[in-house]
Q: 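Please find one structure pasted underneath; my questions will follow.
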Amino acid sequence: MTVRVRIAPSPTGNLHIGTARTAVFNWLFARHHGGQFILRVEDTDTERSRPEFTDNITAGLEWLGLTWDEGPFFQSQRLDLYRQAIQTLLDHGLAYRAYDTSAELEAMRTAQKAKKQAPRYDNRHRHLTDDQQRAFEAEGRQAVIRFKIADDRTVQWHDLVRGAMTWQGSDLGGDMVIARASSVDSIGQPLYNLAVVVDDQDMDITHVIRGEDHIANTAKQILLYEALGGTVPQFAHTPLILNPSGQKLSKRDGVTSISDFQKMGFTAPALANYMTLLGWSPPDSEELFTLEAAAPQFSFDRVNKAGAKFDWDKLDWLNSQYLHDRPASELVEMLVPYWQAAGYDFDLEVDRDWLTVLAGLLGPSLTRLSDAVEQGRFFFAEVMDYSEAATKQLRQDGVAELLTATLGQLQAGASLESLEAVKALVSDVVKAQGIKKGLMMKSMRAALMGDMQGPDLTESWLILHQRQFDLPRLKKAVELAQS
RNA sequence: GGUGCUGUAGGCAAAUUGGUAAAGCCGUCGAUCUUUCAAGUCGAUGUUUGUGGGUUCAACUCCCAUCAGCACUGCCA
C-alpha cells in the first residue's frame with residue numbers, strides 16, 4: 001500500500017508557520033516513502049473562509065517547495081459526500097437530531113461548571129420519542145445532528161510519535177455535533193470532524209500527520225471511521241511550535257504567517273530547513289540541508305515529543321548560511337525586488353552587471369535579504385550624509401591633503417577599471433603623501449561611504465566609480481575636511 | 001473543573017534493547033584575520049536529565065509518587 005498523506009489547511013487566515021511545519025513533515029514523509037502528498041482545503045466554515053487566504057496558502061506552500069501531488073480539493077465542493085455519510089449514520093441509528101437551543105446548551109454548561117463538573121453535552125436528546133420531536137418541531141426549532149459516543153467505550157491507537165494512546169469515551173464531551181442546525185427535513189452544514197473522516201477515507205489517506213492540538217479530535221474521529229466502516233489510518237501527532245513563553249505560537253505572537261517571513265527577507269530553503277529542525281533531528285547531525293536531502297532520512301522515530309520554542313537567532317543564522325553560499329548572479333535576483341521596493345534609482349536592464357557585482361559584495365554580510373536595503377543604500381545615491389565618526393575622521397591632520405591628492409588623480413583621469421587599479425591608486429597616494437595606508441583607507445572609507453564601517457572598501461570604491469559617484473563624494477569630503 | 005500530553009544547559013537537540021550524560025547546532029564571551037563591520041577560523045562558556053523515592057552492579061532510559069508547563073474541553077478548524 002502506498003503512503004498517502006495530506007495537508008488540510010483551513011482558509012481562515014494566511015498560511016501559518018504551524019500549518020507549514022505540519023506540511024513539511026507530511027511532505028517529507030510522503031517523499032521518504034515514495035507516496036503522495038495531497039492538498040485539501042477545509043473550507044466548511046463558510047463564515048470565516050476566504051478565497052484570498054486559499055491563495056495565500058497555496059502560494060506559500062509552493063514558495064516553500066512543498067508541491068502537492070493531488071488537489072487542491074475543496075471541502076465546500078464535496079458537501080454531498082458528507083451529507084450522504086451523515087444520512088448513513090442517521091439510518092443506522094448512530095446519529096440523531098438534537099433540538100437544544102444555544103441558550104439551553106449554555107445554561108447546561110454553566111450549571112456543570114458551577115458544580116465543578118467537566119462541561120459536556122449530557123446527551124439529553126439521544127432518546128427523544130416521536131412525540132417529543134414533533135413538539136420541538138412544532139415550536140419551530142431547528143436541529144443539529146449528533147453522533148453517539150458511548151461513555152464506556154475506550155479508544156486506543158498507536159501514535160507514530162507518542163506511542164500508545166488511550167481515550168475514554170466519557171471524556172469526549174458527549175455526543176458530538178456533526179452537522180449544524182437546519183430544518184428537520186434536511187441535513188445542515190457538515191462539521192470539521194465528520195468532513196475530515198469522510199475525506200481521509202475517500203482519499204485513501206494512510207497516515208494522518210498533524211499537530212498535537214488535534215489529539216482529542218483523533219479519538220472522536222476514530223469512532224467515526226468505525227461507524228462509517230472504513231479502515232482507520234495511522235496517526236502521528238507532532239509537537240507544537242511554541243512562543244518564548246512556551247505557549248502555542250499564535251497570531252498574537254507577531255510574525256507567524258509564511259508570507260510575512262518571506263517579506264522579511266527569509267529564503268524559502270532556510271525557512272523550510274528551520275521548520276524541519278523544529279521537532280526533528282537529522283541522524284547525521286548535519287543541520288544544513290534541503291528538504292530533498294532530508295526526505296530519505298526522515299522518520300517519526302526522530303521526531304521529538306515536546307513542543308519546540310521558536311528561535312529567531314537560529315532562523316537568522318540558517319538564512320545567513322544560505323545567503324552566504326549564493327552566487328552573485330542568483331543573489332541579485334533575490335535582492336532587486338527589495339531595492340526596487342526601497343525606491344532606489346537604477347535600471348535593471350542596463351545596470352544588471354553592476355547590480356550583480358554589488359550583490360556579490362553585500363552577499364556575505366547579509367542575514368536577511370532585506371538587509372541589502374540598508375547595506376546597499378549608499379550605492380544608489382550620488383552623495384550621502386556623513387556620520388559623526390566619518391566627519392571626525394575627515395578632519396584629522398593630513399586627511400584634507402590626502403583627499404585632495406586623490407581627487408586630483410581622479411580628475412586627471414586616473415583609470416579605475418579594476419580592483420588592482422584602485423589598489424594602485426591608493427598606494428600611489430600613500431607613497432606621494434608619505435602617510436600610513438591605514439590613514440588612507442580609513443579616510444577614503446569616510447569620504448566615500450560617509451561611515452566608518454561597511455563592506456570592503458576597494459570593491460565598494462570600484463562599484464561607486466562605475467556609477468561615477470566617487471568624484472562628487474570626494475569633493476564633498478574635501479570641503480568637509482577643510483571646514 | 002475534567003482529560004490528555006510533555007519536562008535533558010539561555011534556545012534547538014543527541015545518547016540502538018538500562019551501561020562513562022550532555023555529541024552537534026544557535027546564542028553568549030574571547031582570540032584571530034582585516035582599512036572597518038560582518039563573515040570565516042580557533043577557543044571558552046553551560047552540569048547532571050522538573051522534584052522525591054524505589055528496582056538494579058548500573059537509571060535520562062523501568063516502577064511509584066509529586067510538581068510544573070502546555071493542549072484540548074464549540075452548531076471553529
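Proteins come first, then strands; the chains are lettered A, B, ... in the order of their sequence lines, and each starts at number 1.
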Q: Is there side-chain contact between A/I215 and A/W167, with at least one heavy-atom pair below 4.5 Å?
A: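 Yes, their side chains come closer than 4.5 Å.
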Q: Within the 4.0 Å limit for protein heavy atoms, which parts of nucleotides 9-16 of chain B are touched? Write it as a string from 5' to 3', B for base, S for sugar-phosphate only, - for none.
A: --BBSSS-
Q: Of all heavy-atom pairs between A/S281 and A/R302, which one has the smallest distance, and what is that distance?
A: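 Smallest heavy-atom distance, with atoms named: O-NE, 2.8 Å.
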Q: For the side chain of A/K116, starting at C-beta, report the closest nucleotide among B/rA77, B/rG1, B/rA71.
A: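 Of the candidates, B/rG1 comes closest.
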Q: So, under a plain 3.5 Å distance rule, would you say the side chain of A/R162 forms a donor-acceptor pair with the base of B/rC5?
A: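 It does not, because no donor-acceptor pair links the side chain of A/R162 to the base of B/rC5 below 3.5 Å.
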Q: In terms of heavy-atom contacts, does NZ of A/K305 have more than 12 from other residues, nucleotides or ligands at under 6.0 Å?
A: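 Not buried by this count: 12 neighbours or fewer within 6.0 Å.
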Q: From CG of A/D200 over to P of B/rA77, roughly how many Å is that when rounded to an integer?
A: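 About 15 Å, once rounded to whole Å.
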Q: Considering only heavy atoms and no angle criterion, is a donor-acceptor pair shorter than 3.5 Å present between the side chain of A/N217 and the base of B/rA77?
A: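 When only heavy-atom distances are counted, A/N217 does reach the base of B/rA77 through a donor-acceptor pair under 3.5 Å.
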Q: Nearest whole angstrom, please: distance from the P of B/rC5 to the CG of A/D213.
A: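 One finds 15 Å between P of B/rC5 and CG of A/D213, rounded.
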Q: Counting heavy atoms from C-beta on, name the nucleotide in B/rU35, B/rC75, B/rC72 closest to the side chain of A/K437.
A: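 Of the candidates, B/rU35 comes closest.
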Q: So, is A/R180 near the phosphate of B/rG74, with a side-chain N or O under 4.0 Å from OP1 or OP2?
A: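 Checking A/R180 against B/rG74: no side-chain N or O falls below 4.0 Å of OP1 or OP2.
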Q: Taking atom P in both B/rG10 and B/rU47, compute the distance separating them and give it to the nearest angstrom.
A: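 Result for the P pair: 7 Å, nearest Å.
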Q: In terms of side-chain heavy atoms of A/L457, which of B/rU3, B/rC75, B/rU35 is nearest?
A: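 Of all the options, the side chain of A/L457 is nearest to B/rU35.
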Q: Taking the side chain of A/W317 as heavy atoms from C-beta outward, which of B/rC75, B/rG40, B/rC70 is closest to it?
A: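 Of the candidates, B/rG40 comes closest.
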Q: To the side chain of A/S365, which of B/rG4, B/rA38, B/rC75 is closest?
A: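 The listed nucleotide nearest to A/S365's side chain is B/rA38.
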Q: Only one of A/V196, A/L39, A/D199 passes side-chain contact (heavy atoms from CB on, under 4.5 Å) with A/R6; say which it is.
A: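 Of the listed options, the one satisfying the test is A/V196.
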Q: Determine, for A/F25 and A/R21, whether the Lys NZ or Arg CZ falls below 6.0 Å from the six-membered ring centre while staying within 45 degrees of the axis.
A: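 The answer is yes; both the distance and angle limits are met.
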Q: If you check the A/R146 side chain, which of B/rU36, B/rU6, B/rC75 turns out closest?
A: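 It is B/rC75.
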